[in-house]
Amino acid sequence: MSKRRYWLMKSEPQVYGLDDLKADGSTYWDGVRNYQARNFMRDDMKVGDLVLYYHSNTKPPGIVGLARVSREGYPDPTQFDENSKYFDPKSTAEQPRWILVDLEYVDHFSEKVSLDALKQDADLDGMLVIRKGQRLSIQPVEPIHFHRVCELADFDASAL
DNA sequence: GCCAACGTTGGC
DNA sequence: GCCAACGTTGGC
């Protein structure tokens with residue numbers, strides 16, 4: 001088995017929160033229109049990778065639970081849909097610009113680990129999400145940081 | 001609602 | 001290829 005990677009993905013709970021993912025079971029992560037985030041989904045995210053699910057634009061922002069990559073990169077269908085706000089006229093079926101992955105629900109943390117708590121924790125120094133001005137909606141996470149976040153959430157990830 | 005910190009676009 | 005203008009993200 002290849003080495004598993006860890007990620008953090010941001011979503012606004014009023015748009016598509018972890019509760020929505022739980023209700024759906026799985027989803028395709030559409031609407032990403034940032035090349036760096038696209039590249040992660042296209043090149044690096046593999047089935048089985050674990051994802052810290054982060055709620056932004058809420059009070060307080062923070063990590064609310066876990067998801068898992070359930071399908072590797074394929075073209076985001078919304079780029080071809082003229083009625084979608086994610087429609088991209090420069091994208092073609094032969095050369096799609098935007099690639100997404102599928103995520104499946106894993107679990108909620110019993111309590112949100114707030115952004116403030118992440119910032120307070122010395123073991124999480126260097127984690128991207130706590131950096132000022134960091135807007136990237138998909139971020140790689142160091143394994144040690146991933147496990148520390150689970151620890152802060154009092155969540156046992158050893159069986160995953 | 002404000003605004004800092006980006007990323008993208010397009011004129012030149 | 002530069003960079004000003006503009007748009008977006010997201011914490012506060």
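We name chains A, B, ... by the order of the sequence lines, and we start the count at 1 in each one. Because only heavy atoms are used, hydrogens play no part in the values below, and waters and symmetry mates are left out as well, while side chains stay in.
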Quick one: do the A:Asp24 and A:Tyr16 side chains pair a donor with an acceptor below 3.5 Å?
yes
At a heavy-atom distance below 4.0 Å, which nucleotide of DNA chain C is the first touched by chain A, and which is the last?
C:dG7 to C:dC12
For DNA chain C, determine which residues of residues 114-132 of chain A have any heavy atom closer than 4.0 angstrom to one of its atoms, and list them numerically.
A:Leu115, A:Lys119
Please find out if less than 6.0 Å separates the ring center of A:Tyr6 from that of A:His147.
yes
Say whether A:Glu104 and A:Ser26, considering side chains only, have a donor N or O and an acceptor N or O under 3.5 Å apart.
no
Residues A:Arg33 and A:Asp76 bridged, charged N to O under 4.0 Å
yes
Write down the atom of A:Ile99, the atom of A:Arg42, and the distance for their closest heavy-atom approach.
CG2-CA, 3.9 Å
I want to check a possible cation-pi pair here: A:Arg71 against A:Tyr74, using under 6.0 Å from ring centre and within 45° of the ring axis as the test.
yes
For A:Lys90 and for A:Gln36, locate the closest nucleotide of DNA chain B by heavy-atom distance; then report the residue assigned to the nucleotide nearer the 5' terminus.
A:Gln36
Between A:Asp49 and A:Trp7, do the side chains contain an N or O donor and an N or O acceptor separated by less than 3.5 Å?
yes
Contact summary for A:Asp88 and A:Trp98, nearest pair of heavy atoms:
OD2-NE1, 2.8 Å
